[in-house]
S.K.: 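Take this structure first; my questions come after.
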Amino acid sequence: MGNHPTIFYRPWVFLITDGAPTDSWDSAAQRLRQAEAQSRLSFFAVGVKDADMNILKQISPPERPPVTLNGLDFRDLFVWLSASMKRVSSGKVGQAVALPAMGWGQITS
């Protein structure tokens, strides 16, 4: 074992919703943004059909705005996720990796 530091890839957290929060979400959003800023995770928000994209914009980090899923194209979302994770895992820990083109959704402006 020894005194080697633990090296790990940053976990990705996906929020996929077709609505809006029904409770207080401000503190959870603040903790997510703080964890993202400290490189403890990467947060992705995906809105489906009737999702409240304005709230998702407030929850999401500015560098990764929420994405509106094209219809119900979950298959392509998961294919993209798999390809993205493959790219990340083949790189070095902490190294920036270009993700594949996102054909399953549109960034909400």
Side-chain angles (χ1 to χ4, degrees):
M1 293 194 127
N3 291 330
H4 299 289
T6 303
I7 297 175
F8 62 92
Y9 293 98
R10 183 186 328 190
W12 287 11
V13 176
F14 271 76
L15 169 65
I16 302 174
T17 181
D18 66 351
T22 57
D23 56 3
S24 178
W25 52 270
D26 294 336
S27 66
Q30 183 178 359
R31 288 194 311 268
L32 274 171
R33 287 189 298 269
Q34 183 178 17
E36 176 96 32
Q38 295 170 346
S39 297
R40 294 188 353 239
L41 60 83
S42 294
F43 179 73
F44 297 81
V46 179
V48 180
K49 196 175 176 184
D50 296 325
D52 188 329
M53 298 308 287
N54 289 323
I55 291 180
L56 285 180
K57 285 181 199 175
Q58 295 174 57
I59 295 172
S60 299
E63 63 275 5
R64 195 170 306 104
V67 177
T68 303
L69 188 70
N70 292 336
L72 295 175
D73 199 359
F74 287 102
R75 181 185 182 284
D76 282 349
L77 183 155
F78 288 110
V79 168
W80 174 87
L81 179 57
S82 176
S84 298
M85 294 310 298
K86 186 180 249 185
R87 280 192 188 184
V88 169
S89 66
S90 66
K92 293 181 181 177
V93 172
Q95 177 185 34
V97 175
L99 299 180
M102 182 180 53
W104 52 268
Q106 305 296 319
I107 293 180
T108 304
S109 54

S.K.: Could you pull out the closest heavy-atom pair between Thr17 and Ala51, with the gap in Å?
M.R.: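 In terms of heavy atoms, the two residues are closest at O-CB, 3.4 Å.
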
S.K.: Indicate if Val79 and Ile16 have the same hydrophobic cluster label, given that clusters are the connected sets of ILVMFWY residues with side-chain heavy-atom separations under 4.5 angstrom.
M.R.: no

S.K.: Which value, rounded to the nearest 0.5 Å, describes the distance between Ile59 atom CD1 and Asn54 atom CG?
M.R.: 11.0 Å

S.K.: Side-chain contact, heavy-atom cut-off 4.5 Å: Ser42 with Arg64?
M.R.: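 Yes - at least one pair of side-chain heavy atoms lies under 4.5 Å apart.
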
S.K.: Kindly indicate, with the supporting measurements, whether the criterion side chain to side chain contact (heavy atoms under 4.5 Å, CB included) is fulfilled by Leu56 and Leu15.
M.R.: CA-CA 9 Å; Leu56 285 180; Leu15 169 65; 3.7 Å; yes

S.K.: Tell me, yes or no, whether the heavy-atom count around Gln30 atom CD, taken from other residues, nucleotides or ligands under 6.0 Å, exceeds 12.
M.R.: no

S.K.: Looking only at heavy atoms, what is the nearest atom pair of Met53 and Thr68, with distance?
M.R.: CE-OG1, 3.3 Å

S.K.: How long is the span from the CZ atom in Arg40 to the CG atom in Leu32, to the nearest 0.5 Å?
M.R.: 9.5 Å

S.K.: Rounded at 0.5 Å granularity, tell me how far CG in Asp76 sits from CG in Asn70.
M.R.: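 One finds 8.5 Å between CG of Asp76 and CG of Asn70.
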
S.K.: Measure the CD1-OG distance between Ile55 and Ser60 for me, rounded to the nearest 0.5 Å.
M.R.: 11.5 Å

S.K.: Would you say Leu69 and Val48 make side-chain contact, with heavy atoms under 4.5 Å?
M.R.: yes

S.K.: Who are the salt bridge (charged side-chain N to carboxylate O under 4.0 Å, His left out) partners of Arg33, not counting sequence neighbours?
M.R.: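 Result, salt bridge (charged side-chain N to carboxylate O under 4.0 Å, His left out) vs Arg33: none returned.
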
S.K.: Do any pairs count as a ring-ring contact (aromatic ring centres under 6.0 Å, His included) and have a residue in residues 33-67, sequence neighbours left out, and if so which ones?
M.R.: Trp12-Phe44, Phe14-Phe44

S.K.: Between atom CD of Glu36 and atom CG of Leu41, what is the distance when rounded to the nearest 0.5 Å?
M.R.: 6.0 Å

S.K.: Check whether Trp80 and Leu72 end up in the same hydrophobic cluster, where Ile, Leu, Val, Met, Phe, Trp and Tyr are linked by side-chain heavy atoms less than 4.5 Å apart.
M.R.: yes

